[in-house]
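Right, one structure below, let's go through it.
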Amino acid sequence: MGRYIGIIAVVFIAYMFYKAFKNKRQGADNQLHANGGCSSGLIGAGIGFIIGGGPIGAIIGYALGTIFGNNYTKEDTKFMGENSRQQDFSASLLVLSAAVMKADGTVKKSELDYVKRFFLQNFGQEQAEKYILTLREVLKQDIQIADVSRQIGRYMDYSSRLQLLHYLFGIASADGQVHENEVSVIETIARYMNVYTSDFESIKAMFVKKFDDAYTILGIDASASDDEVKRAYREMAKKNHPDKVSYLGEDVRKAAEKKFQEINDAYDKIKKQRGMV
């Protein structure tokens, strides 16, 4: 019952904003246009809350409402995936990307270029353009990281959450270095998504290199026995195997292969150092 009351409240507030802006700016065409974008975004937020659910749905709904107007339909969201799970992943990706890009106080061109390349390589020209257009609108919003991350932690499977973190570190390192504020934001996201610390540190070690990064990637200490190394590798490989995210589409599966290769490389490095068979 509380959820339905919240939905009604969001839509009602959006409608009241629309009426207020329309009445206040009726005599000025240029102001009407500006307010139309705002009201479309607010109504879109209400629709997004209903369709997508929670803060992520509201953020994406607001962005799509601003882009397409308050009459946007499900056809306008097809670029985010053919099924609900793909769309959930894409929406989460867009919102969290914006949060990380803003973490150090500025949105760098290198970061935006990285995101553009990622979307282009993984989703094609037409979809990539719509992703970037939506991301630009999401970047203008205030993102409540804890609420968004909790929502993801509740509905998204564990392997997909790990893939999200890997992508976010890719954005953070796009300018050649990972800023401590960006690491802090991603760590907060991981914590609220209920990702184990060892798994967070594993992905972090793929981008923030240290002397013993191979062990960190496998989630163990250098003092681990050979049997512990083998067991840790099997567990990491199982959680991060590309097939685990294949339901999100072949494009995301291919993107997951890089993370999986890092785990294999770390294991090979340790085996070579120890002379393991």
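Counting from 1, the numbers follow the sequence of the chain as shown.
- For residues 145-169, every residue pair satisfying the salt bridge (charged side-chain N to carboxylate O under 4.0 Å, His left out) rule, not counting sequence neighbours, is listed here: Asp147-Arg150.
- Summarising the geometry, atom CE belonging to Met193 is positioned 7.5 Å from atom CG belonging to Leu162; distances are rounded to the nearest 0.5 Å.
- No side-chain heavy atom of His179 sits under 4.5 Å from any side-chain heavy atom of Lys108.
- In this structure, Gln141 contributes its side chain and Ile59 its backbone to a donor-acceptor pair below 3.5 Å.
- In this structure the side chain of Gln86 never reaches within 4.5 angstrom of the side chain of Tyr247, judged on heavy atoms.
- Using a 4.5 Å heavy-atom cutoff, the side chains of Met156 and Leu164 are in contact.
- Distance CE/Met101 to CD1/Ile171: 6.5 Å, rounded to 0.5 Å.
- With sequence neighbours left out, Asp243 forms a side-chain contact (heavy atoms from CB on, under 4.5 Å) with His241, Arg253.
- At least one side-chain heavy atom of Ile143 sits under 4.5 Å from a side-chain heavy atom of Val138.
- Side-chain atoms of Ser92 and Tyr155 form a donor-acceptor pair, as typed in the model, at a separation below 3.5 Å.
- Among all heavy-atom pairs drawn from Pro242 and Phe260, the shortest one is CD-CG, 3.6 Å.
- The local environment of CD in Glu180 is sparse, with at most 12 non-hydrogen atoms from other residues, nucleotides or ligands closer than 6.0 Å.
- Across Val100, Val185, Val95, a single residue satisfies side-chain contact (heavy atoms from CB on, under 4.5 Å) together with Ile145, and that is Val185.
- Judged by distance alone, the side chain of Ser159 and the main-chain N or O of Lys239 form a donor-acceptor pair under 3.5 Å.
- Interatomic distance, Lys269 NZ to Ile217 CD1, rounded to the nearest 0.5 Å: 8.0 Å.
- Between Ala266 and Ala214 the shortest heavy-atom distance is CB-O, 3.6 Å.
- With rounding to the nearest 0.5 angstrom, the CE atom of Met236 is 8.0 Å from the CD1 atom of Ile203.
- Among residue pairs with one or both ends in residues 191-210, those qualifying as ring pair (Phe, Tyr, Trp, His ring centres under 6.0 Å) are Tyr158-Tyr196, His166-Phe207, Phe169-Phe200, Phe169-Phe207; sequence neighbours excluded.
- Taking the side chain to side chain donor-acceptor pair (under 3.5 Å) definition, one finds that Lys140 meets it with Glu137, sequence neighbours left out.
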### Task
Determine, stepwise, if the pair Gln261 / Glu257 fulfils side chain to side chain donor-acceptor pair (under 3.5 Å).
CA-CA 6 Å; Gln261 187 59 50; Glu257 289 177 355; over 6 Å; no

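- The environment of Lys254 atom NZ is sparse: at most 12 non-hydrogen atoms of other residues, nucleotides or ligands sit within 6.0 angstrom.
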### Task
Any chance you could lay out the side-chain contact (heavy atoms from CB on, under 4.5 Å) test for Val178 and Ile186, step after step, and finish with the verdict?
CA-CA 11 Å; Val178 182; Ile186 299 175; 5.8 Å; no

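- The side-chain contact (heavy atoms from CB on, under 4.5 Å) check on Glu126 picks up Lys130, with sequence neighbours excluded.
- Proximity of Leu96 to Ser149: side-chain heavy atoms (C-beta onward) are separated by under 4.5 Å at one or more points.
- The CG atom of Leu168 sits 10.0 Å away from the CD atom of Gln163 when rounded to the nearest 0.5 Å.
- Annotation: side-chain contact (heavy atoms from CB on, under 4.5 Å) contacts of Glu235 (sequence neighbours excluded): Arg231.
- A donor-acceptor contact closer than 3.5 angstrom is absent between the side chains of Tyr114 and Ser173.
- Lys271 is not listed as a side-chain neighbour of Tyr233, based on a closest heavy-atom distance of 4.5 Å or more.
- The distance from the CD1 atom of Ile189 to the OG atom of Ser184 is 10.0 Å, given to the nearest 0.5 Å.
- Between the side chain of Lys116 and the main chain of Ala128, no donor-acceptor pair closer than 3.5 Å is present.
- Ile263 is listed as a side-chain neighbour of Met206, based on a closest heavy-atom distance under 4.5 Å.
- Under the 4.5 Å side-chain heavy-atom criterion for Ile, Leu, Val, Met, Phe, Trp and Tyr, Tyr131 and Leu120 are members of distinct hydrophobic clusters.
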